[in-house]
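Structure first, commentary second.
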Amino acid sequence: MIAELQKITAEVLSEKFDCPTEADSVAVNYTKDDIDGDYTIVLFPYVKRLGKNPMELGKEIGEEIVGALSTAKSYNVLKGFLNINLTDAYYKDLLKKISQDPEYGREERNGKKVMVEFSSPNTNKPLHLGHIRNILLGWSVSQILDEVGYEVIKTQIVNNRGIAICKSMLAWSAYGEGATPESTGIKGDHFIGKYYVEFETRFKAEYKTWQESAEGKAVYQASKKEEQTAEAFFKAFKNNYFNTHSALGSKAKDVLLKWEAGDTAVVDQWKMMNDWVYAGFDVTYDKLGVSFDSMYYESDTYLLGKQHIEQGLEKGVFYKKDDGSVWIDLEDQKLDHKLVLRSDGTSVYMTQDIGTVEQRYAETGAEKMVYTVADEQDYHFKALFAIMKKLGASYADGLHHLSYGMVDLPTGKMKSREGTVVDADVLMEEVAVEAKNSAAEKGEIAEMSAEEQAEVIDRIAKAALKFFILRVGAKKRMVFDPKESLDMQGQTGPYIQNAYVRIASVLRKQEGDLAQHDTYTDLQEEELVLIQELAKYPEILQSSADNYDPSNLANYCYNLAKSYHRFYHEQRILTAETEAAKHFRIDLSVQVAKVLKRGMFLLGIDMPERM
RNA sequence: GGCUCCGUAGCUCAGCUGGAUAGAGCAGCUGACUUCUAAUCAGCAGGUCUCAGGUUCGAAUCCUGACGGAGUCACCA
């Protein structure tokens with residue numbers, strides 16, 4: 001419709017006014033809510049160019065449009081804006097088209113593959129609120145990309161090696177006394193996290209003791225900068241202490257060395273403990289309703305990439321310093337020189353990532369790869385993508401960093417050291433309790449069986465949590481108030497579910513088959529609004545996919561639900577004035593339910609039939 | 001210090017490819033359940049869109065600068 005209006009306007013301007021105009025350049029918008037009209041054409045640019053009165057110009061174009069388009073009913077010109085009203089028949093036809101398409105909004109398969117990486121946890125501690133945002137975003141973007149035509153491969157890389165997991169291993173060996181998740185009844189990831197904390201606590205104590213020892217004091221006196229307090233010095237010196245003085249540190253490093261050397265006992269322990277963590281993660285993923293199509297493990301990939309460094313050196317993309325370290329100059333990208341291989345020949349993060357991208361492309365042929373990683377790594381991914389481009393990777397332009405802001409608490413940043421991290425499992429449990437309390441005051445749920453109740457409450461709780469997080473634009477840092485996120489009223493997931501449930505309820509009470517409603521005329525305002533909203537759905541999907549941002553879709557679902565609630569309140573459905581009106585409204589409701597259900601599904605949110 | 005992102009109502013957020021009087025929800029105050037589910041609806045109140053310039057017929061939106069916040073600039077991952 002927009003294209004048609006643009007075309008006619010451009011023709012009129014070009015032919016009648018000798019004012020050559022590109023159709024694309026004509027500004028056509030949806031008319032503002034409180035103004036009469038459906039579409040609005042902005043006249044100012046031509047008023048100025050032609051030196052014509054806006055009213056006259058608007059009339060000329062308006063006449064032409066109403067004459068040329070059978071779907072255009074009338075027009076009005078207001079303050080330089082030409083508003084076009086469309087006929088009821090046009091909207092009824094729109095609804096009919098939507099109604100005839102059972103997979104409305106879903107695009108033809110485009111034959112392209114896209115790999116979406118998300119979650120990517122470390123195996124030394126459980127998932128937290130930050131992971132939840134990551135997972136919900138990654139999952140939802142995957143779903144949306146699938147909906148607009150891609151074949152999506154959902155993947156994650158598990159950071160299962162390195163010094164961190166060695167700390168947990170060491171603590172478990174020393175203080176675990178053979179305990180297992182099974183013997184203690186603790187979820188595997190939490191179990192490992194416990195030993196990580198155990199290590200850190202002991203290390204802290206050890207460090208504290210050392211600071212007061214003669215050696216510690218001597219080091220402080222010898223190495224401190226001017227005016228530096230002991231507290232500041234020791235804070236900065238912590239890593240150094242771990243590497244050079246700490247008994248615990250040297251034991252942990254010893255475990256890491258043995259792991260890298262393939263020491264059977266260490267590797268076996270590592271496998272066993274990581275398996276506990278994976279089992280724990282799986283439970284959380286399951287609760288979140290997400291799954292993966294493939295997995296990568298850092299233990300398999302951390303040595304990758306060196307051969308690409310060699311090739312890059314040959315091509316002259318990289319250069320070698322005297323000490324043997326390899327670098328790339330990214331100053332033309334407004335980035336610095338970046339190290340890609342250490343002087344001792346071992347890899348850094350970047351080396352691995354180069355190797356991993358190449359491996360993934362070789363394995364899947366995906367032309368697009370999306371990395372769901374927090375915005376603190378913006379710089380890293382910019383550099384990685386620039387490097388791949390310089391290396392001449394054919395898919396380099398298809399690489400995308402789905403960068404999202406950190407989640408803050410009302411009290412500030414989440415800090416694991418200060419124990420202010422919100423654990424994913426605990427949070428979900430809290431939301432479930434809140435949903436249960438909320439539901440207790442409502443009528444319908446009480447009549448269900450215990451099993452049904454639990455199922456419905458679970459859906460409501462998940463909807464509340466997921467919608468709260470997904471409605472915020474991904475790039476934006478967001479504040480997560482545990483209390484507010486538990487809200488079930490207003491701009492929330494349950495509000496949208498409630499609209500769906502209302503429709504489901506009406507449909508249950510409807511008797512007999514759905515009849516034709518061609519004779520229904522005189523569309524009501526609330527009905528018009530709903531059809532207009534429904535018609536926007538495909539373009540919303542497309543823009544969510546283009547921007548890798550589900551918040552568009554989330555807000556759309558809310559708006560659609562809101563329009564429905566209003567419609568529901570203003571118009572009778574089952575007891576409508578005429579049979580035609582009744583069937584029209586039922587059809588309309590069915591279409592709203594269809595879109596709400598699908599849209600929310602793409603956000604990873606399930607709809608209950610009752611609540 | 002360089003670079004990147006952010007700054008909209010008391011709070012949490014929409015709106016940002018320039019268009020009419022800047023929108024929701026929460027919190028506060030009014031009203032609406034004998035009538036398809038009140039997890040709903042209607043209303044009141046709440047704004048210097050951080051500030052200052054610029055471009056434009058028109059700027060929350062684009063540009064420049066300042067201020068405030070965050071991130072990053074590791075032979076860490």
Side-chain angles (χ1 to χ4, degrees), chain A residues 27 29 31-35 40 42-45 47-49 54 78-81 83 122 159 161-164 239 298 302 321 323-327 334-336 338-344 346-350 352-353 374-380 382-383 403 405-406 408 410 413 435 438-439 441-445 460 464 468 471-473 475-481 483-485 487-499 501-510 551-552 554-555 558-559 562 564-566 568-576 582 585-586 589 610-611:
Chain A
N29 306 314
T31 303
K32 268 178 67 110
D33 280 350
D34 42 3
I35 288 168
T40 296
V42 183
L43 301 173
F44 294 108
V47 169
K48 201 192 169 202
R49 241 157 71 193
L78 197 62
K79 291 192 269 183
F81 297 95
N83 302 307
N122 294 311
N159 300 301
R161 63 164 284 281
I163 194 71
N239 265 341
E298 205 201 346
Y302 81 110
K321 283 192 180 173
D323 64 2
S325 58
V326 181
W327 297 72
K334 280 174 117 178
L335 302 168
D336 295 326
K338 196 86 192 163
L339 177 87
V340 293
L341 199 66
R342 291 194 188 102
S343 50
D344 62 5
T346 58
S347 21
V348 288
Y349 186 32
M350 189 61 83
Q352 290 178 49
D353 269 359
D375 62 7
E376 59 190 354
Q377 292 195 38
D378 283 356
Y379 187 89
H380 172 76
K382 255 188 208 163
S403 162
M406 297 284 191
D408 288 325
K413 207 179 161 177
S438 235
E441 302 157 14
K442 312 290 185 267
E444 283 276 321
I445 289 187
I460 294 171
F468 185 87
R471 60 178 254 261
V472 180
K475 274 195 312 190
K476 228 165 167 170
R477 209 177 169 95
M478 69 179 288
V479 176
F480 185 90
D481 185 339
K483 263 186 277 165
E484 199 177 324
S485 68
D487 240 322
M488 307 283 156
Q489 283 166 8
Q491 196 175 13
T492 66
Y495 173 96
I496 301 169
Q497 289 179 320
N498 186 230
V501 162
R502 281 179 144 178
I503 296 171
S505 177
V506 167
L507 295 180
R508 274 195 301 273
K509 293 193 167 126
Q510 144 72 5
S551 69
N552 277 317
N555 287 302
Y558 170 71
N559 286 326
K562 192 177 161 71
Y564 190 81
H565 277 307
R566 180 191 248 280
Y568 182 89
H569 195 262
E570 298 297 323
Q571 304 295 338
R572 303 268 78 207
I573 301 171
L574 295 176
T575 52
K582 170 176 151 184
R585 286 174 192 160
I586 290 173
S589 298
R610 301 166 194 264
M611 65 193 281

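Every heavy atom of this structure was used, including side-chain atoms; hydrogens, water molecules and symmetry mates were not. Protein chains get the first letters and strands the later ones, always in sequence-line order, with residue 1 at the start of each.
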For A:M406 and A:K413, run side chain to side chain contact (heavy atoms under 4.5 Å, CB included): C-alpha distance rounded to whole Å, both residues' side-chain angles, the deciding distance at 0.1 Å, then the answer.
-> CA-CA 8 Å; A:M406 297 284 191; A:K413 207 179 161 177; 5.5 Å; no

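- A:D33 comes within 4.0 angstrom of no nucleic acid atom, judged by non-hydrogen atoms across all strands.
- In this structure A:D408 satisfies the salt bridge (Lys or Arg N to Asp or Glu O under 4.0 Å) test together with A:R477, sequence neighbours excluded.
- Looking at the side chain of A:V348, the nearest of the listed nucleotides B:rC13, B:rC75, B:rC41 is B:rC75.
- Distances from the side chain of A:L78 to the nucleotides B:rU40, B:rA20, B:rA14 place B:rA20 closest.
- For A:H565, the side-chain atoms get nearest to B:rC41 when compared with the rest of B:rC41, B:rU12, B:rA24.
- Residue contacts shown for A:I460 include a base, since a base heavy atom lies under 4.0 Å away.
- A distance cut-off of 5.5 Å between ring centres, combined with a plane angle under 30°, leaves A:Y495 outside any stacking arrangement with the base of B:rA39.
- Using a 4.0 Å heavy-atom criterion, one finds that A:K475 contacts the sugar-phosphate atoms exclusively.
- A search for ring pair (Phe, Tyr, Trp, His ring centres under 6.0 Å) contacts involving A:Y558 returns A:Y495, not counting sequence neighbours.
- Following rounding to the nearest Å, A:R502 (CZ) and B:rA39 (P) show an atom-to-atom distance of 8 Å.
- Under the ring pair (Phe, Tyr, Trp, His ring centres under 6.0 Å) criterion, A:F81 pairs with A:F44, not counting sequence neighbours.
- Across all strands shown, A:F44 has heavy atoms under 4.0 Å from base atoms, whether or not it also approaches the sugar-phosphate.
- Residues meeting the side chain to side chain donor-acceptor pair (under 3.5 Å) test with A:N555, sequence neighbours left out: none.
- Residues passing the ring pair (Phe, Tyr, Trp, His ring centres under 6.0 Å) test with A:Y568, sequence neighbours excluded: none.
- The side chain of A:K476 lies closest to B:rU8, out of B:rU8, B:rA20, B:rA77.
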Restricting to nitrogen or oxygen on both sides, can you table the protein-nucleotides 69-72 of chain B pairs closer than 3.5 Å?
from	atom 1	to	atom 2	distance (Å)
B:rA70	O2'	A:R477	NH1	2.6
B:rG71	OP1	A:K413	NZ	3.1

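- Relative to the side chain of A:N498, the nucleotides B:rC73, B:rU37, B:rC36 differ in distance, and B:rU37 lies closest.
- An OP1 or OP2 oxygen of B:rG25 is reached within less than 4.0 angstrom by a side-chain nitrogen or oxygen of A:K562.
- A:V472 comes within 4.0 angstrom of the backbone, heavy atoms only, and of no base.
- Note: CG (A:N239) to C1' (B:rC75) measures 14 Å, nearest angstrom.
- Nearest-nucleotide positions on RNA chain B for A:Y349 and A:I573 put A:I573 closer to the 5' end.
- If you check every strand for non-hydrogen atoms under 4.0 Å, A:Y568 touches a base.
- As judged by a 4.0 angstrom heavy-atom cut-off over every strand, A:T40 is placed among the base-contacting residues.
- Of all the heavy atoms in A:M350 and A:A383, the pair that sits closest is CE-CB, 3.6 Å.
- Place A:V501 and A:D323 on RNA chain B by their nearest nucleotides, and A:V501 ends up nearer the 5' end.
- Side chains of A:I573 and A:Q510 form no contact here, defined as non-hydrogen atoms less than 4.5 Å apart.
- Among the atoms of the strands shown, base atoms are found under 4.0 Å from some heavy atom of A:V42.
- A:S403 and A:D378 share a side-chain donor-acceptor pair at under 3.5 Å.
- OP1 or OP2 of B:rA42 has at least one side-chain nitrogen or oxygen of A:R566 nearer than 4.0 Å.
- At whole-Å resolution of the value, CZ in A:R342 and C1' in B:rC75 are 5 Å apart.
- Each of B:rA20, B:rA39, B:rA24 was ranked by its minimum atom distance to the side chain of A:I445; first place goes to B:rA39.
- The glycosidic torsion of B:rC41 lies more than 90° away from 0, placing the base in the anti range.
- In terms of the side chain to side chain donor-acceptor pair (under 3.5 Å) criterion, A:S505 has no residue partners (sequence neighbours excluded).
- With distances taken from any side-chain atom of A:H569 to the nucleotides B:rU37, B:rC41, B:rA20, the minimum falls on B:rC41.
- Across B:rU37, B:rU12, B:rC41, the shortest atom-to-atom separation from the side chain of A:E570 is found for B:rC41.
- When all heavy atoms of A:Y379 and A:L335 are compared, the pair lying nearest together is CE1-CD2, 3.5 Å.
- With hydrogens and angles left out, the side chain of A:S343 and the base of B:rC75 share a donor-acceptor pair within 3.5 Å.
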Just the dot-bracket of RNA chain B, please: which string comes out with Watson-Crick or G-U pairs under 3.5 Å, [ ] for crossing, | for another strand?
-> (((((((..((((.....[...)))).(((((.......))))).....(((((..]....))))))))))))....

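- Nucleic acid contact class of A:I35 (heavy atoms, under 4.0 Å, all strands): base.
- Nearest nucleotide to the side chain of A:K509, out of B:rC36, B:rA14, B:rG19: B:rC36.
- When the nucleotides B:rC36, B:rU4, B:rA77 are ranked by their closest atom to the side chain of A:D378, B:rU4 comes out on top.
- Nucleic acid contact class of A:G80 (heavy atoms, under 4.0 Å, all strands): none.
- By the side chain to side chain donor-acceptor pair (under 3.5 Å) test, A:S589 is found to be paired with A:Y564, residues two or more places apart in sequence or in another chain being considered.
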